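Below: the structure, in structure tokens.
As the structure is a prediction and not an experimental result, all values here were calculated from the model. Start at 1 and go down the list; that is how both ligands and their atoms are numbered.
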Amino acid sequence: NAYAPIEADTYLNPSSMIALVTGANRGIGKEVVRQLAEKGHEVILTSRNAEKGQQAVQELSLPNIHFHQLDITQQASVDQLMSFVIDKFGRLDILVNNAGINYDTWQTAEEADMENVKETLETNLIGAWRMAKACIPLMKEHSYGRMVNVSSGAGAISGMGAGTPAYSVSKAAMNVMSIKLAAELMGSGILVNAICPGWVRTEMGGAGAPISIQEGAEGIIWAAELPQNGPTGGFFRDGKEIGF
Ligand code: NAP
């Protein structure tokens, strides 16, 4: 096994991490995979649709990108992925909780479709939380981990106004999850941060968004490669702290 467990101090060299990205068949997730792989990390690109995921791996065409199916709303899918990670790599250093859905600009809190709200929370909050729970034990084994929860300024409570109710509630809740995990894992070597990529030109962000996918991914890479004395429990955009 080329990726057998290694001593914690080996991690001082940040070029040989095992990273996992959710929702990486397109958009920001796919670009995060590309940038992490170009920096020399072994990256597991995951996608709920296996065909689309394998297509993305082919397009990225880098030898250090690996594929596994993952639907973050399905515990069985998460369990299968984690068995793969343990068998193939024996460790996990970076989790990018990127998969997300439903920027619901068409509805209000007052008239929200509750099935739609439930589905949004199931992915954006519970799915990310399920992944965190699955990965933390592996990170703890080596006293090292970087968890990047891809959130949104739409989930910032201070100054929050009307609109996008399901999405905003889900991302605000994801931020709270980040704060809780960071506090519980303080001193463990695992840093947990929430990141807003900005308004990015993806299927979710739309063609009119001002930020390229490449730029949008950069703040996520920053949080994935934080040094051991880096921040935890924060909310950042472009490497700068923003208010929760
Ligand atoms: P995107 O292009 O819509 O991509 C979302 C990805 O998540 C897709 O790969 C999608 O897979 C995947 N996904 C959805 N549900 C999933 C599930 N249950 N299991 C696994 N994967 C799932 O969106 P994006 O713009 O790249 O967004 C990435 C993240 O950034 C999201 O968390 C989003 O909320 C956040 N964000 C985006 C913006 C922006 O302006 N774009 C701004 C702030 C925050 P399918 O292809 O199968 O649907």
Side-chain angles (χ1 to χ4, degrees), residues 20-35 43-57 59-60 67-82 95-105 116 118-132 134-135 147-156 160 163-175 177-178 193-221 223-224 235-238 242:
L20 193 159
V21 185
T22 69
N25 53 293
R26 61 183 163 102
I28 295 168
K30 183 180 173 190
E31 176 63 17
V32 166
V33 168
R34 189 181 70 76
Q35 291 188 21
V43 191
I44 305 155
L45 182 157
T46 68
S47 163
R48 60 179 161 176
N49 179 304
E51 221 170 283
K52 288 183 187 171
Q54 274 152 352
Q55 175 75 32
V57 171
E59 283 165 15
L60 292 170
F67 175 73
H68 202 277
Q69 194 274 344
L70 172 68
D71 182 338
I72 61 167
T73 65
Q74 303 300 318
Q75 187 63 48
S77 176
V78 174
D79 292 344
Q80 282 166 20
L81 167 73
M82 294 318 291
L95 167 64
V96 180
N97 255 330
N98 166 79
I101 58 167
N102 197 31
Y103 189 59
D104 54 337
T105 50
N116 179 272
K118 245 169 92 174
E119 197 189 322
T120 307
L121 290 171
E122 196 60 57
T123 301
N124 295 3
L125 172 64
I126 316 265
W129 200 335
R130 183 179 283 119
M131 284 307 297
C135 294
M147 190 189 306
V148 188
N149 294 318
V150 183
S151 182
S152 167
M160 190 183 282
T164 63
Y167 187 78
S168 291
V169 168
S170 75
K171 294 297 191 182
M174 182 198 232
N175 286 351
M177 176 197 79
S178 275
N193 291 291
I195 299 297
C196 172
W199 183 18
V200 181
R201 281 190 297 280
T202 61
E203 273 182 46
M204 180 182 283
I211 299 173
S212 70
I213 292 186
Q214 196 176 339
E215 289 169 301
E218 282 167 10
I220 295 168
I221 305 299
F235 189 19
F236 298 89
R237 184 187 293 130
D238 297 329
I242 56 174

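None of R34, K30, K52 except one satisfies the salt bridge (Lys or Arg N to Asp or Glu O under 4.0 Å) rule with E59; the exception is K30. Tested against I211, the residues D238, I28, V200 include a single side-chain contact (heavy atoms from CB on, under 4.5 Å) partner, V200.
Contact shell of ligand 1 (protein heavy atoms, cutoff 4.0 Å): G23, N25, R26, G27, I28, R48, L70, D71, I72, T73, N98, A99, G100, I101, T123, V150, S151, S152, Y167, K171, P197, G198, W199, V200, T202, E203, M204, G205.
Residue pairs satisfying the side-chain hydrogen bond (donor to acceptor under 3.5 Å, both in side chains) criterion with at least one member in residues 207-216, sequence neighbours excluded, are listed as follows: S212-E215. Within the structure, the side-chain hydrogen bond (donor to acceptor under 3.5 Å, both in side chains) test picks out the following pairs touching residues 198-211 (sequence neighbours left out): R26-E203.
Legend: residues meeting side chain to side chain donor-acceptor pair (under 3.5 Å) with D71, ordered by chain and number and at least two apart, are T73.
You'll find the side chain of N98 stays beyond 4.5 Å of the side chain of V32, heavy atoms only.
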